[in-house]
Number of protein chains: 2
Amino acid sequence: MKLSGGVEWGLHCCVVLCGAGAPVPAAKLAELHDVSPSYLAKQLQSLSRAGLVRSTQGQSGGYRLTRDAAEITMLDVVEAIDGPQPPFRCTEIRRRGPMAVPPERCTTPCPIARVMDSADRAWRESLRAVTIAELAAEVDTTTPRELLDRARAWLSA
Amino acid sequence: MKLSGGVEWGLHCCVVLCGAGAPVPAAKLAELHDVSPSYLAKQLQSLSRAGLVRSTQGQSGGYRLTRDAAEITMLDVVEAIDGPQPPFRCTEIRRRGPMAVPPERCTTPCPIARVMDSADRAWRESLRAVTIAELAAEVDTTTPRELLDRARAWLSA
DNA sequence: TGCTACTCGGACAAAACGTGTCCGTGTCAA
DNA sequence: TTGACACGGACACGTTTTGTCCGAGTAGCA
């Protein structure tokens with residue numbers, strides 16, 4: 001099982017956008033994180049489609065959050081980029097093969113799928129409990145002020 | 001994010017092995033579930049390497065559980081087939097790019113990675129809480145006795 | 001005790017997915 | 001009106017996952 005690498009980029013971008021006052025171009029975000037500009041653009045498009053960020057075109061354009069960072073959870077970002085489908089998909093193999101359970105007698109859901117779904121819900125709940133604003137606040141308190149100011153200035157330049 | 005499809009096969013096989021008294025060949029497990037025998041064999045090898053099942057070669061050989069099903073959790077099976085590595089791997093992109101945080105001032109772990117790890121632990125904890133024996137018991141109570149008996153007979157034949 | 005048949009185990013291809021890149025289109029500022 | 005900049009979707013590449021095959025080893029049987 002592997003989560004798309006773009007998830008990490010998207011989360012960091014949201015944290016940066018949370019602290020930026022003006023729209024930030026994709027190219028600038030890519031240079032800041034030292035990642036492929038084209039590929040990061042794709043992830044930002046996913047965030048845009050999900051309605052988490054909004055793009056402004058033309059000169060001095062870029063991306064900005066559509067709503068307050070306290071209203072955006074990590075789960076929102078993860079699902080926007082990685083998709084909402086759960087990692088485990090029950091294929092109902094008990095209904096196949098020579099000893100298949102007939103569909104009409106197959107009333108209760110597969111216990112394996114039920115536990116898997118429950119685990120997936122727990123995972124998502126953990127991510128839903130943390131907002132981008134909280135992440136940004138933690139970054140602010142753990143990073144030396146000087147570095148933060150320099151980064152802000154670099155973004156605006 | 002997607003979990004290996006073999007995980008579902010492995011779990012169902014463990015449940016079947018829990019109820020079987022004698023070793024069951026991989027070919028029989030494959031036919032029972034109507035899946036590719038060769039590919040299922042690969043998954044069973046993973047379970048064997050992890051020490052969950054033990055193979056007996058030669059005539060009337062096959063696979064059996066190495067210990068009581070109550071001592072085998074779903075997490076054991078999932079990790080045996082899918083691997084133990086967490087789905088999210090922090091690449092420390094904050095240490096890259098023009099505004100990189102110097103390594104010596106980067107003392108606290110990345111907050112994003114911390115939340116991701118916490119969510120992963122919650123997921124694994126959910127799976128660790130359920131044993132193969134519990135799954136088998138649920139299957140026993142929700143499946144008509146007649147079907148269970150027929151399946152047992154078919155396995156022994 | 002040798003043989004035979006049956007079993008697993010690891011090495012070998014094919015396909016699907018994620019990753020990475022490109023250029024066209026729309027939009028804002030001058 | 002013009003120009004340039006930034007986004008958006010369509011296009012290849014690489015890697016992982018999926019799927020398959022044949023050889024090695026072992027237990028039962030004559």
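Please read these numbers as outputs of a predicted model, since none were measured by experiment. Side chains included, hydrogens not; waters and symmetry mates left out as well; all remaining heavy atoms used. Reminder, nothing fancy here: chain letters follow the sequence lines and each chain counts from 1.
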Touch class at under 4.0 angstrom, heavy-atom based, for A27(B) against every strand present: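 Contact class for A27(B): none.
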Sugar-phosphate only, base, or nothing, as touched by G5(A) at under 4.0 Å among non-hydrogen atoms: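 The answer is sugar-phosphate, as G5(A) gets under 4.0 Å only of primed atoms, P, OP1 or OP2.
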Greater than 12 external heavy atoms within 6.0 Å of R54(B)'s CZ: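 No, not enclosed.
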Exceeds 12 heavy-atom contacts within 6.0 angstrom, atom CZ of R89(B):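 Not buried by this count: 12 neighbours or fewer within 6.0 Å.
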First encountered from the 5' end of DNA chain D, between G58(A) and Q85(B):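 Per heavy-atom nearest nucleotide, the more 5' residue is G58(A).
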Grab the [atom1]-[atom2] distance between [X] and [N] for me, whole Å please.
X	N	atom1	atom2	answer
L3(A)	dT16(D)	CG	C1'	15 Å
M1(B)	dT17(D)	CE	P	14 Å
L47(A)	dA6(D)	CG	P	19 Å
Y39(B)	dA16(C)	OH	P	13 Å
Q43(A)	dG18(C)	CD	C1'	10 Å
D82(A)	dG18(C)	CG	C1'	11 Å
Q59(B)	dA27(D)	CD	P	12 Å
R64(A)	dC28(C)	CZ	C1'	13 Å

Among R67(B), R128(B), R124(B), the one residue meeting salt bridge (Lys or Arg N to Asp or Glu O under 4.0 Å) with D76(B):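 Output: one option passes, namely R67(B).
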Phosphate-side-chain proximity, T56(B) and dC8(C), N/O vs OP1/OP2 below 4.0 Å: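 Indeed not, no polar side-chain atom of T56(B) lies that close.
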Short side-chain N/O contact to dC5(D) OP1/OP2 from K28(A), under 4.0 Å: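 For dC5(D), neither OP1 nor OP2 has a side-chain N or O of K28(A) closer than 4.0 Å.
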First locate atom [atom1] of [X], then atom [atom2] of [Y], and finally report the distance between them rounded to the nearest 0.5 Å.
X	Y	atom1	atom2	result
C13(A)	I93(B)	SG	CD1	7.0 Å
L75(A)	W123(A)	CG	CH2	7.0 Å
R152(A)	S156(A)	CZ	OG	9.0 Å
L148(A)	E146(A)	CG	CD	9.5 Å

Protein proximity profile, nucleotides 9-15 of chain C - base contact B, sugar-phosphate-only contact S, no contact -, cut-off 4.0 Å on heavy atoms: BBB----
Nearest listed nucleotide, side chain of S36(A), among dT21(C), dC6(C), dG20(C):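 Comparing dT21(C), dC6(C), dG20(C) against the side chain of S36(A), the answer is dT21(C).
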